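Please read the structure below before turning to the comments.
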Amino acid sequence: MDGGAEPLKPIPDIGRGPRHVAIIMDGNGRWATQRGRPRLFGHHAGARRVREIVEACPDLGVKYLTIFAFSTENWKRTQVEVAGLMNLFRRYITKEARALREAGVRVRFIGDRVRLDAKLVAMMDELENLTCENDLVHLTIALNYGGRDEVARATKRLAQDVANGRLDPASVNEETLPRYLDTCVLPDPDLVIRTSGEARISNFLLWQSAYAEYEFIDTLWPDFTRQEFASLVESYSNRERRFGAVPA
Ligand code: FPP
């Protein structure tokens with residue numbers, strides 16, 4: 001986090017902007033292929049983009065940023081790509097930890113840690129602890145995350161509480177399940193962005209995004225800039241969210 005970038009143009013009406021933005025960072029592989037390079041080259045370029053986007057959040061009034069780094073389905077990729085991505089996550093944590101702490105970023109990870117390498121999990125825990133006092137930006141990294149998997153794991157814990165007599169099944173309503181989700185301390189996303197021209201949500205934050213606004217943009221993730229981020233935040237602030245009600 002170098003903090004040396006030019007300030008972004010102030011967004012009129014920043015109070016109406018999204019407080020929580022979630023991003024499906026897609027297109028790294030195609031970006032690398034277009035350059036005749038291996039897919040991992042694109043993932044490394046994508047990791048460098050994360051810094052620029054996190055740094056832009058305070059100027060844009062974005063307090064929570066959640067990024068999809070590795071899905072429960074991504075294990076189906078080649079062993080070389082999976083191992084390269086895991087290595088990239090370890091390098092990212094080592095390289096960025098201090099800068100994230102100094103920049104006031106609180107980092108959290110969501111997803112199932114059981115299948116992840118023990119060394120990586122220890123590094124994730126350490127980064128969460130190192131940044132736990134920060135409050136300027138809350139960065140959540142989804143790693144081995146799948147929305148259905150998260151709901152299944154949450155349901156299992158909820159069922160255990162019922163079985164142990166800690167939860168009355170008659171009291172279960174739509175406010176109960178979110179307390180068991182990985183995102184229990186986060187507000188729901190207001191805006192979900194997916195790069196690379198695909199209009200799918202790919203099992204990302206299924207429960208939490210019920211009322212989110214979506215932006216599907218053609219830019220490949222390694223080309224996504226803070227200016228483009230700012231313009232999506234600005235166009236969100238011009239939208240009217242109704243949550244099922246009629247306009248005032
Ligand atoms: C999707 O592009 C991207 C991923 C599966 C990995 C996302 C990871 C990063 C941006 C890198 C690092 C993140 C952190 C937090 C260090 P794709 O490979 O599916 O692209 P394609 O659709 O063009 O093949």
Side-chain angles (χ1 to χ4, degrees), residues 1-11 14 17-71 74 77 81 84-85 88-89 91-93 95-96 99-100 103 105 107 110 136-143 145 189-205 209 212-239:
M1 316 266 297
D2 56 17
E6 230 178 87
L8 288 163
K9 190 164 61 85
I11 296 196
I14 203 164
R19 193 162 158 249
H20 184 175
V21 178
I23 307 184
I24 303 173
M25 309 178 288
D26 196 11
N28 297 345
R30 273 163 286 168
W31 186 89
T33 306
Q34 283 170 5
R35 286 159 181 77
R37 305 296 298 266
R39 296 176 56 80
L40 276 168
F41 180 73
H43 294 315
H44 280 269
R48 287 194 292 278
R49 270 304 153 190
V50 171
R51 171 187 280 220
E52 178 175 332
I53 299 310
V54 175
E55 279 178 354
C57 287
D59 284 346
L60 300 175
V62 174
K63 184 96 184 158
Y64 296 87
L65 178 71
T66 300
I67 55 175
F68 206 178
F70 192 88
S71 75
N74 285 152
R77 297 187 175 206
E81 185 168 348
L85 278 166
L88 171 59
F89 299 139
R91 272 180 55 172
Y92 177 83
I93 294 175
K95 232 177 99 206
E96 299 286 326
L100 287 162
V105 179
V107 183
I110 55 170
L136 184 64
V137 178
H138 292 246
L139 171 66
T140 302
I141 302 176
L143 227 171
Y145 175 85
D190 302 298
L191 172 64
V192 179
I193 298 170
R194 182 178 189 138
T195 58
S196 96
E198 312 285 352
R200 293 191 288 273
I201 57 170
S202 297
N203 206 7
F204 189 42
L205 301 176
S209 299
E213 298 287 323
Y214 282 87
E215 287 279 7
F216 297 104
I217 57 164
D218 288 336
T219 310
L220 302 177
W221 173 253
D223 291 328
F224 186 66
T225 60
R226 59 211 296 277
Q227 284 76 16
E228 193 166 11
F229 186 34
S231 85
L232 294 174
V233 166
E234 184 169 7
S235 72
Y236 172 96
S237 65
N238 297 322
R239 294 187 192 186

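All residue numbers in this chain count up from 1 along the given sequence. As the structure is a prediction and not an experimental result, all values here were calculated from the model.
- With sequence neighbours excluded, the residues forming a side-chain contact (heavy atoms from CB on, under 4.5 Å) with Thr219 are Ile217, Asp223, Phe224, Glu228, listed by chain and number.
- To the nearest 0.5 Å, atoms CG (Leu191) and OG (Ser237) are separated by 10.5 Å.
- One finds the CG atom of Leu143 at 10.0 Å from the CZ atom of Phe68 (value rounded to the nearest 0.5 Å).
- Residues in residues 17-31 take part in these salt bridge (Lys or Arg N to Asp or Glu O under 4.0 Å) pairs, two or more places apart or across chains: Asp26-Arg30, Asp26-Arg194, Arg30-Glu198.
- The side chain to side chain donor-acceptor pair (under 3.5 Å) check on Ser235 picks up Glu215, with sequence neighbours excluded.
- Scanning both residues, Pro58 and Leu136, for their nearest heavy atoms gives CG-CD2, 3.9 Å.
- Partner Ile193 forms a side chain to side chain contact (heavy atoms under 4.5 Å, CB included) with one of Val233, Val21, Ile24, Ile53 and no other, that one being Val21.
- With sequence neighbours left out, the ring-ring contact (aromatic ring centres under 6.0 Å, His included) criterion links Phe70 to Trp75.
- Residues Glu96 and Val107 have side chains not in contact (no heavy-atom distance under 4.5 Å, counting atoms from C-beta outward).
- The shortest distance between side-chain heavy atoms of Tyr214 and Ser209 falls below 4.5 Å.
- Once rounded to the nearest 0.5 Å, the distance linking OG1 of Thr195 with CG of Leu232 reads 10.5 Å.
- With values rounded to the nearest 0.5 angstrom, Cys57 atom SG is found 4.5 Å from Phe229 atom CZ.
- Residues Ala69 and Phe89 share a closest heavy-atom pair of O-CZ, 3.6 Å.
- Using modelled atom types, no side-chain atom of Trp31 and backbone atom of Gly42 make a donor-acceptor pair closer than 3.5 Å.
- Here the shortest heavy-atom pairing between Ile141 and Tyr92 reads CD1-CE2, 4.3 Å.
- The two residues Phe216 and Ile201 have their closest heavy-atom pair at CZ-CG2, 4.5 Å.
- Within a 6.0 Å radius of CZ in Arg91, no more than 12 heavy atoms belonging to other residues, nucleotides or ligands are found.
- Distance CG/Leu100 to CZ/Arg51: 8.0 Å, rounded to 0.5 Å.
- Considering only residues two or more places apart in sequence or on other chains, Glu81 meets the side-chain contact (heavy atoms from CB on, under 4.5 Å) condition with Arg39, His43, Arg77, Thr78, Leu85.
- Using a 4.0 Å cut-off between charged nitrogen and carboxylate oxygen, Glu55 and Arg226 do not count as a salt-bridge pair.
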For residues 60-67, which side-chain donor-acceptor pairs fall under 3.5 Å, sequence neighbours excluded?
{"unit_1": "Lys63", "atom_1": "NZ", "unit_2": "Asp135", "atom_2": "O", "d": "2.6"}
{"unit_1": "Thr66", "atom_1": "OG1", "unit_2": "His20", "atom_2": "NE2", "d": "2.7"}

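- In this structure, CG on Asn74 lies 13.5 Å from OH on Tyr145, to the nearest 0.5 angstrom.
- Looking at Arg49, its side chain does come within 3.5 Å of a backbone N or O of Pro222 through a donor-acceptor pair.
- Considering all non-hydrogen atoms of both residues, Asp218 and Gly197 come closest at OD1-CA, 3.5 Å.
- Looking at heavy atoms from C-beta onward, Ser71 lies out of side-chain contact with Asn203 at the 4.5 angstrom threshold.
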